Amino acid sequence: MITEKSKPEASPFLDFIPLAVPAIQGNEWRYIKECLDTNWVSSVGPFVDRFESEIAARIGTRFAVATVNGTAALHVALLLAGVKPDDEVLVSTLTFIAPVNAIRYVGAWPVFIDADPDYWQMDPSGVVDFLERGCRWHKGALHNRLTGRRVSAVIPVHILGHPVDLDPILKIARKYNLKMIEDATEGLGATYRGRPLGSIGDLGCFSFNGNKIITTGGGGMLVTSNEEWARKARYLTTQAKDDPTEYVHSEIGYNYRLTNLLAAMGCAQLEQLEAFVTAKQHIASRYAEGLQGLPGISLMKEASWASSSWWLYTVLVDRASFGTDSRQLMHSLNSKKIQTRPLWQPIHLSGAHRGRSAKIMPIAEKLYQQALSLPCSAGLGEKEQNRVIEEVRTIAAGATPEEAPPCN
Ligand SMILES: *Cc1c(COP(=O)(O)O)cnc(C)c1O
């Protein structure tokens, strides 16, 4: 029989240091056991309600609707925002692929926006430039001049836990009547000008996948202050059932609700959110201290208007001055049992969505070549942090930077 006692002692790392693993050290066992003991295991139950109201309170929206994962939350958010087949939706090119796939699920097309060079997020000037110069107002809606398609929404993706500079994007979205959906899946616990991510746009989406700030194994949440949308989100995520007893449906729905079992884990994880974010901030400042001044390594920065959740601490590796590139550094660290990972291939280059943009996106492409995320589980101790720092320094010392060109 499996009891709480038979849970293996927490020694998560041994000598292998993973990139990011969950920290399960609160009330997870107790709350999940409560579900099992009371038979409330499926998609209705007290922990679902509690998880939703606690997330809404934490984010500062009136409503939250739990979903099976973050991608499902994004899909439903696009439906609620009124994005129609053949519309266009602006989205960061440097992102995990989920929001772009969700745009295609509703039959719309992505318009990719490059990253900004300082904080690596969706560049507001790229959004403004496209909407002001690449589009025209026609019959009460904004249309892409080249494709003639209606542009109906924008999805800023707060990557790595750092906020996108939202004010200029929100301002122009309002001007042209576009809906703004924040992909805040990596930014739970982060704020933009003091406001929690996810609460600033019309809709916000979170993920509780295994490597996110808090986890339910798999799970997601849609947040909004629009009551009609919240009602509709509950309806669409439960197969669009029109009547509480009769199985009659006037719309196509989805089976997208989170189970009570997983919501129980979510409640326990949410109790530890502040501690996780504090741990990640601490890891980030230790890495910054330990790696600063190393030739060829650029550190992640936090904007003056931002408080990051430091989801994945990431550095840039310049091959010429560091001596090896990000991928070689990844392999070298891997041979020392330290797991690291590059960022995502910019989606405008991906086989899945290629051809949607003829433009090159120089910043995202450079970040893709140079970025490497370092281990940053909330449970990562100082000893492990020191090992990462020392190994990077050792590899740097053994690498041979290219000769600087003579300057005269
Ligand atoms: C993790 C993630 C998602 C999707 O979340 P899932 O729960 O895995 O479906 C969406 N967008 C971004 C930026 C993510 O990192």
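Nothing fancy with the numbering, it's 1 onward along the sequence. Each ligand, and each atom within it, is numbered from 1 in the order the structure gives. The model shown is predicted, which means the values in this text are computed figures rather than measured ones.
- Protein heavy atom at the shortest distance from atom 11 (N) of ligand 1 is D183 OD2, 2.7 Å.
- Counting non-hydrogen atoms of neighbouring residues, nucleotides and ligands closer than 6.0 angstrom, the CG atom of D37 exceeds 12 such neighbours.
- Among all non-hydrogen protein atoms, the one lying nearest atom 10 (C) of ligand 1 is A98 CB, 3.4 Å.
- The number of heavy atoms from other shown groups lying within 6.0 Å of NZ (K241) is above 12.
- The aromatic rings of H162 and Y119 lie parallel to each other, their planes meeting at an angle below 30°, with 60° marking the opposite boundary.
- Atoms of ligand 1 lying under 4.0 Å from any heavy atom of V157, numbered from 1 in the order shown and given with element: 13 (C).
- Between R257 and E52 there is a salt bridge, with a side-chain nitrogen of the basic residue lying less than 4.0 Å from a carboxylate oxygen of the acidic one.
- Looking only at heavy atoms of the protein, atom 4 (C) of ligand 1 is closest to T71 OG1, 3.6 Å.
- Atoms of ligand 1 lying under 4.0 Å from at least one heavy atom of G219, given by number and element, are 7 (O).
- Using a 4.0 Å cut-off between heavy atoms, I159 makes no contact with ligand 1 at all.
- Between H353 and N101 the shortest side-chain heavy-atom distance falls below 4.5 Å.
- Electrostatic pairing of R50 and E271 counts as a salt bridge here, judged by a charged N lying under 4.0 Å from a carboxylate O.
- The nearest protein atom to atom 8 (O) of ligand 1, hydrogens excluded, is given as N209 ND2, 3.8 Å; this is a heavy-atom distance.
- For ligand 1 and T95, the ligand atoms under 4.0 Å from any heavy atom of the residue are 13 (C).
- Scanning the protein for heavy atoms near atom 15 (O) of ligand 1, the closest one is E186 OE2, 2.5 Å.
- Counting only heavy atoms of the protein, atom 1 (C) of ligand 1 lies nearest to K212 NZ, 1.5 Å.
- Contacts of P99 with ligand 1, taken as heavy-atom pairs under 4.0 Å, involve the side chain alone.
- Salt bridge annotation for E390-R393: absent, with no cationic side-chain nitrogen under 4.0 angstrom from a carboxylate oxygen.
- Here OH of Y256 is found 10.0 Å from CD of Q239. Values are rounded to the nearest 0.5 Å.
- Residue G70 has at least one N or O atom closer than 3.5 Å to an N or O atom of ligand 1.
- For G220, the closest heavy-atom approach to ligand 1 does not fall below 4.0 Å.
- Considering only heavy atoms from C-beta on, L299 stays 4.5 Å or farther from Y287 through its side chain.
- Among protein heavy atoms, the minimum distance from atom 14 (C) of ligand 1 is reached at T185 OG1, 3.1 Å.
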